[in-house]
Protein chains: 2
Amino acid sequence: MVDTTKQRLIDAAGAIFAEKGYEAASIREICQLADANIAAVNYHFAGKRALYVAAVRHAQCCRQEDVPFPEFPPDLAPADQLRALIGVMFERMLSPHRPQWHLELMLRELARPTEACVAVVDDYIRPMSDTLRAILNQLLPADLTEEQRWMIGFSTVAQVLFYYTHQPIIRVLMQSRDGEALPLDQLADHVTRFTLAAIGAGPVVVAAGVSPAGSHSVKVASGRDA
Amino acid sequence: MVDTTKQRLIDAAGAIFAEKGYEAASIREICQLADANIAAVNYHFAGKRALYVAAVRHAQCCRQEDVPFPEFPPDLAPADQLRALIGVMFERMLSPHRPQWHLELMLRELARPTEACVAVVDDYIRPMSDTLRAILNQLLPADLTEEQRWMIGFSTVAQVLFYYTHQPIIRVLMQSRDGEALPLDQLADHVTRFTLAAIGAGPVVVAAGVSPAGSHSVKVASGRDA
DNA sequence: AATCCATTCAAACGCTTGTTTCAATCAACT
DNA sequence: AGTTGATTGAAACAAGCGTTTGAATGGATT
């Protein structure tokens with residue numbers, strides 16, 4: 001936005017905290033990247049810790065603006081809503097067209113919560129979780145316990161998260177593939193079909209790319225392609 | 001095993017590296033926990049980095065011994081094999097009856113690979129991956145591409161991993177539940193059914209606990225209960 | 001022009017880090 | 001008993017850390 005020292009510090013801090021983690025990142029390195037004096041951190045913020053929290057808060061704000069939730073046509077089939085949401089999740093995570101450190105920073109926070117965690121959960125995770133659960137509830141039978149609905153939701157998110165967090169290992173394991181990452185759409189299709197089939201709301205198609213009938217080649221505009 | 005200084009250093013290092021990460025862990029803290037002199041690290045190893053690598057290598061050795069692969073009766077149904085393997089995975093991760101830092105250390109390495117990563121993948125991940133893929137191949141139709149088989153495997157592992165890595169968030173999100181973690185068997189049942197249903201190799205049961213018919217109340221001895 | 005206030009800057013603070021040094025120790029072998 | 005070689009010990013090392021200080025800067029207000 002504006003090119004103040006404070007803003008440049010937040011951006012630089014976010015990038016370096018995300019890359020190296022809190023402890024390994026140094027004030028001096030951050031200030032060098034931000035083209036600011038070392039004392040600026042303790043002037044504009046209350047110290048390293050406060051700068052970190054500010055960076056996390058800023059990250060989730062940006063990320064929400066970047067890839068907003070899709071506005072579902074109210075009559076869109078629940079299965080297509082699911083595909084759209086999963087598409088957004090993948091796009092928020094793997095799409096390379098924006099600084100990667102926003103998501104990275106938040107995931108660090110979620111895996112090892114500090115004081116900034118509750119903010120991330122309330123402002124970022126919870127809305128997404130609510131949306132997912134609402135969609136799933138349209139697809140699920142009525143006689144399930146809340147606990148079961150949670151687990152189904154977790155199984156869905158888990159797949160998306162896995163492809164982000166463990167991308168390096170995936171490439172090492174698959175090695176036959178020439179180091180190239182799997183296409184984003186293919187992943188979203190797979191996760192959607194896998195999930196739908198698991199809850200009995202779709203054909204037992206096992207993976208993307210070979211849909212036996214045209215029954216489920218959903219392709220929904222995911223957010224802001226145009 | 002033996003109570004040498006070297007071994008005590010590896011144990012202490014593993015625990016602290018797992019808890020705090022490489023950068024945040026200090027030699028002095030490790031040595032204090034190991035009841036060793038600070039110089040011992042540079043005497044028995046070549047420095048902090050080498051101690052870290054040694055700890056990672058030791059961790060995977062132990063973990064393999066702790067919860068070995070189940071010896072499947074050769075005629076065990078593939079679906080039950082899957083349940084058994086998923087049970088072992090959960091047990092290796094969430095079972096509290098052993099020092100937790102082994103797995104923790106390896107996951108840190110996998111999420112952010114350093115020089116010790118290839119060893120972890122080759123010695124620990126690959127065997128598990130091969131076993132899983134062998135079981136899945138028995139359940140899957142023959143006309144799938146390798147890529148599709150990989151994705152199905154990933155979707156399976158992802159669910160298990162999720163419940164470990166994001167346990168803190170899960171508790172915050174579910175909050176209705178009184179902070180108590182979900183029972184291990186319930187998780188393993190859910191993941192197994194979810195996966196089987198997704199690939200069309202099981203009833204479209206949606207979650208654990210409400211199997212409509214007795215058709216799939218698999219319960220396999222997972223490893224070394226007796 | 002003078003005052004004020006926010007901001008920047010270079011330097012130093014005290015502290016902790018990983019590593020090195022070298023004397024002290026101890027068991028084993030001649 | 002004496003010597004050797006491996007191990008431990010306390011202290012010091014230079015380097016980096018987060019933070020603080022107090023003077024310099026620059027633009028707006030009086």
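Order of the sequence lines fixes the chain letters, A, B, ..., with proteins taken first and strands second; residue numbering starts at 1 for each chain.
Residue A/His44 has a polar side-chain atom (N or O) positioned under 4.0 Å from OP1 or OP2 of C/dT8.
Interatomic distance, CD of B/Gln60 versus CE of B/Met106, reported as 5.5 Å (0.5 Å rounding).
Partner of A/Arg8 under the side chain to side chain donor-acceptor pair (under 3.5 Å) criterion, out of A/Thr4, A/Thr5, A/Asp11: A/Thr5 alone.
The number of heavy atoms from other shown groups lying within 6.0 Å of CD (A/Glu115) is above 12. The environment of CZ in B/Arg112 is crowded: more than 12 heavy-atom neighbours from other residues, nucleotides or ligands sit within 6.0 Å. More than 12 heavy atoms of other residues, nucleotides or ligands lie within 6.0 Å of CZ in B/Arg133, so this atom counts as buried by the packing criterion.
Distance B/Tyr43 OH to C/dT25 P: 17 Å, rounded to the nearest Å.
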Does the protein touch nucleotides 14-20 of chain C at the base, only the backbone, or not at all? Give it as B, S and - per nucleotide, heavy atoms under 4.0 Å. ---BBBB
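Contact detail for A/Val121 and A/Leu110: the closest heavy-atom pair is CG2-CD2, 4.0 Å. The shortest non-hydrogen separation linking B/Ser129 to B/Trp150 is OG-CZ3, 3.6 Å.
Along DNA chain D, read 5' to 3', the first and last nucleotides having any atom under 4.0 Å from a heavy atom of chain B are D/dA6 to D/dA12.
Side chains of B/Glu23 and A/Tyr22: a donor-acceptor N/O pair is absent below 3.5 angstrom, by distance only.
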